[in-house]
Amino acid sequence: MFTAIDHTGVAVADLEAAIAHYRDALKLPLVHRETVTEQGVEAVLFDIGDSHVELISPLGPQTAVARFLAKRGPGLHHVAYRVDDIEAALATLTEAGVRLLDATPRIGIRGSRVAFLHPASTGGVLTELVQPAAH
Ligand code: CO
């Protein structure tokens, strides 16, 4: 069902400072930047092999990521598993009793389709499924 760790999502309060750190200190190539309105974030991707680090910063104080930052501060926000067929994956997980935050996929970064699982069902780890856009 899962084919790779697609990315780790890191919540940041200061996106420009975080970009500078990942690019200049960690030497990771920045490959994409996008406002993902549906998730209320400005997001950037850095390549690590076939996977990514995704930095996310909130578009406004009412967004989920702003609430996360207010409560827990900057840091690891979610882990994303790559799937070939997100509907099939959601059906399989529902069948297994896993709670979903998104019953149906929504649009994620770079035209991907994504859905989040409830952390109560994943040992406290906010987990995202990602079906990349077809190339
Ligand atoms: Co993500």
Side-chain angles (χ1 to χ4, degrees):
M1 172 164 51
F2 304 133
T3 59
I5 302 277
D6 187 84
H7 63 269
T8 54
V10 177
V12 304
D14 184 337
L15 184 58
E16 300 311 322
I19 288 172
H21 172 70
Y22 278 83
R23 182 191 57 210
D24 301 336
L26 302 187
K27 310 293 185 193
L28 296 179
L30 194 164
V31 293
H32 187 72
R33 180 169 186 151
E34 181 177 338
T35 300
V36 188
T37 310
E38 241 192 288
Q39 293 182 34
V41 297
E42 180 81 14
V44 299
L45 293 174
F46 293 87
D47 267 355
I48 298 185
D50 188 34
S51 300
H52 308 94
V53 173
E54 177 185 80
L55 304 183
I56 49 177
S57 70
L59 292 176
Q62 301 307 319
T63 60
V65 174
R67 290 194 297 273
F68 176 93
L69 286 170
K71 195 170 159 191
R72 308 189 35 188
L76 186 61
H77 181 262
H78 63 272
V79 173
Y81 299 142
R82 192 177 302 153
V83 297
D84 291 329
D85 182 341
I86 195 165
E87 275 91 2
L90 289 172
T92 299
L93 293 167
T94 300
E95 181 93 0
V98 174
R99 278 175 68 191
L100 310 178
L101 289 175
D102 299 303
T104 56
R106 50 191 168 132
I107 300 300
I109 197 166
R110 284 204 286 203
S112 59
R113 299 170 69 227
V114 305
F116 283 88
L117 311 182
H118 198 290
S121 284
T122 55
V125 179
L126 180 60
T127 302
E128 178 183 10
L129 308 185
V130 179
Q131 181 179 335
H135 292 294

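Source: prediction; values computed, not measured. Atoms within a ligand are numbered from 1 in the order they appear, just like the ligands themselves.
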Heavy-atom closest pair (P119 atom, L101 atom, distance to 0.1 Å) is CD-CD1, 4.3 Å
Name of whichever N/O/S atom of E54 is nearest to the Co ion (ligand 1):
OE1
H7: which N/O/S atom is nearest the Co ion (ligand 1)?
NE2
Test of geometry: compute the angle OE1(E128)-the Co ion (ligand 1)-NE2(H78) and round it to 10°.
90°
Rounded to the nearest 0.5 Å, how far does CG of L45 lie from CD of E54?
5.5 Å
Is the Co ion (ligand 1) less than 2.8 Å from at least one N/O/S atom of D6?
no
Give the ring-plane orientation class for F2 versus Y81, where under 30° counts as parallel, over 60° as perpendicular and anything between as tilted.
tilted
Is the shortest distance from a Lys or Arg side-chain nitrogen in R106 or E128 to a carboxylate oxygen in the other one below 4.0 Å?
no
